[in-house]
Amino acid sequence: NKGAEKKLGYKAEEVVGKVQPIIFHDIEEVNSRMEELYRIQGKYYLGGDMVIEYNKINKMGNNEWTYIRKDGSKLPVHLVITPVQDNEGLTIGFVGVITEITEIKKYQTKLEQTNKELEFYNSFFTKIGSLTPSTVYVYNIKEGKNVYNNDAITTISGYTPAEIQEMGENFIPTIVVQENLDQTQERFKKLKTITDDEVVYHDYKIKHKNGNLKWIYSAEKAFSRDPDGNVIEIIGVGSDITEIKKYQSDLEEKNKELEQFVYIASHDLQEPLRTVSSYTALLLEQNKSRFSEVELQCAKFIEESVVRMKNQIKHLLNYSRLGLNSQFEIVDLNEIIKEITTDLALVIKENSAIIHYNHLPILKALRTEMRMLLQNLIQNAIKFKYKGRDPIIEISAIERETDFEISVKDNGIGINPKFFDRIFLIFQQLDTEELKNGHGIGLANSKKIVILHNGKIWLESKENIGTTFYFTISK
């Protein structure tokens, strides 16, 4: 008919009564199916008979064929064959109806490819999950239950993935301790609105199946969304940090003991120093005329040593207290430098110092400690200036993915590389005439402050040229 003419490219007069319909078929497909039919029925069928018989077998896709158009291009079709019978019920011919399935085949191919990819990712996901001691899970926020857990969940919680599936929405209330349950539910509410790039971190306590309490640290992000863009499922990784929490608690306790020890020790050390100072002053006051010049010089040395010892004790106490009772807050380093230059205005003027800074970052830090760090580096740059050269100090910063790198550069006397490791140690003064005039605590304080910000500090220096101190502050 006209539809067949349009689909196949032949005119009716070219084929009707002249050829068999087999000429429309892909010969390779015909031969392949002829062999398949032989294996099933033990008989060879040729030409149109093979097509008719093949369409009868119970197999998915048995009525899908590849036709060849007149121009040689291929046309995937769905073929329905209906017998035509005479008045006596005898089959005298067949009617074939073809429906083009090109688009269906495209979707089918795409679907098959998608299924293969899904199988790959499912296999990959399962294998990765089996390699980590952390639990990998998918949680449905809407239904309130875990829809996937790797086998590591059994070690962490005592429950198998199958048991968790059976528990459904009762799993979370069963394992999360009561004191963390409300916090957990609030977290799930927050997770409904997170972006695809956002990751939520948190720690919480769970109750193992055997009754033991464990600390878990989880990282979670969006996994699937509803048509409105709300998060339906989250994917997360949870790690057992019970031992870490125990070490942390022990360390905090030891730090408290150390702080108390330092305070008591420094306080108790002050008493004998005051005694020495008082009796030395009393001896000088009552017997000064009876002492020789050498004895008076010795008394002066005693007084100076007492003062130095008091300062060392005071600095040690301050060092031990760095970071205590301080809270991280948003700090504008430009404002910090303004405050420092205001406080050091007289020193800056007396030394004709020039301080350059611009576009320093706003970051999260311990404000008092950050000011102490920068002020110490600026004071050192002025204090250890090169004779006959006005100090020029340049403060700059670079923002990186995970931190800020800040530098304080001067044109002072510089430092010999052999001293680089020593200058950050507490009460270490360098054995040079220019550098030994100090308490040996400033750079030790600086290093501790940087460590409190999860950063590191280092320097580059050339003698008689200048020094640049670098330090990083984590975001």
So, using side-chain hydrogen bond (donor to acceptor under 3.5 Å, both in side chains) as the criterion, who are the partners of [X] when residues are at least two apart?
{"X": "Glu36", "answer": "Tyr54, Lys59"}
{"X": "Asn358", "answer": "none"}
{"X": "Glu5", "answer": "none"}
{"X": "Lys221", "answer": "none"}

In this structure, is the centre-to-centre distance between the rings of Phe188 and Tyr139 below 6.0 Å?
yes
Please name the residue in the list Glu186, Gln185, Arg187 that meets the side-chain contact (heavy atoms from CB on, under 4.5 Å) test with Lys189.
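One option only clears the test, and that one is Glu186.
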Without hydrogens or angle criteria, can the side chains of [X] and [Y] be said to hold a donor-acceptor pair below 3.5 Å?
{"X": "Asp228", "Y": "Asn230", "result": "no"}
{"X": "Asn55", "Y": "Trp65", "result": "yes"}
{"X": "Thr174", "Y": "Tyr159", "result": "no"}
{"X": "Glu220", "Y": "His202", "result": "yes"}

Qualifying residues under ring pair (Phe, Tyr, Trp, His ring centres under 6.0 Å), relative to [X], sequence neighbours excluded:
{"X": "Phe420", "value": "none"}
{"X": "Tyr67", "value": "His25"}
{"X": "Tyr38", "value": "Tyr44"}

Would you list the pairs meeting side-chain hydrogen bond (donor to acceptor under 3.5 Å, both in side chains) in which at least one residue belongs to residues 463-475, sequence neighbours left out?
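Checked against side-chain hydrogen bond (donor to acceptor under 3.5 Å, both in side chains) - neighbours excluded - the pairs reaching residues 463-475 are Glu399-Lys475, Asn416-Glu463, Glu460-Tyr470, Ser461-Thr467.
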Kindly write out the residues that satisfy side-chain contact (heavy atoms from CB on, under 4.5 Å) with [X], not counting sequence neighbours, or none if the list is empty.
{"X": "Pro76", "result": "Ile101, Thr102, Lys105"}
{"X": "Glu166", "result": "none"}
{"X": "Asp197", "result": "Thr195"}

With the threshold set at 4.0 Å, does a side-chain nitrogen-carboxylate oxygen contact exist between Glu163 and Lys209?
yes
According to salt bridge (Lys or Arg N to Asp or Glu O under 4.0 Å), who are the partners of Glu252, at least two apart in sequence or on a separate chain?
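For Glu252 there are no salt bridge (Lys or Arg N to Asp or Glu O under 4.0 Å) partners, ignoring immediate neighbours.
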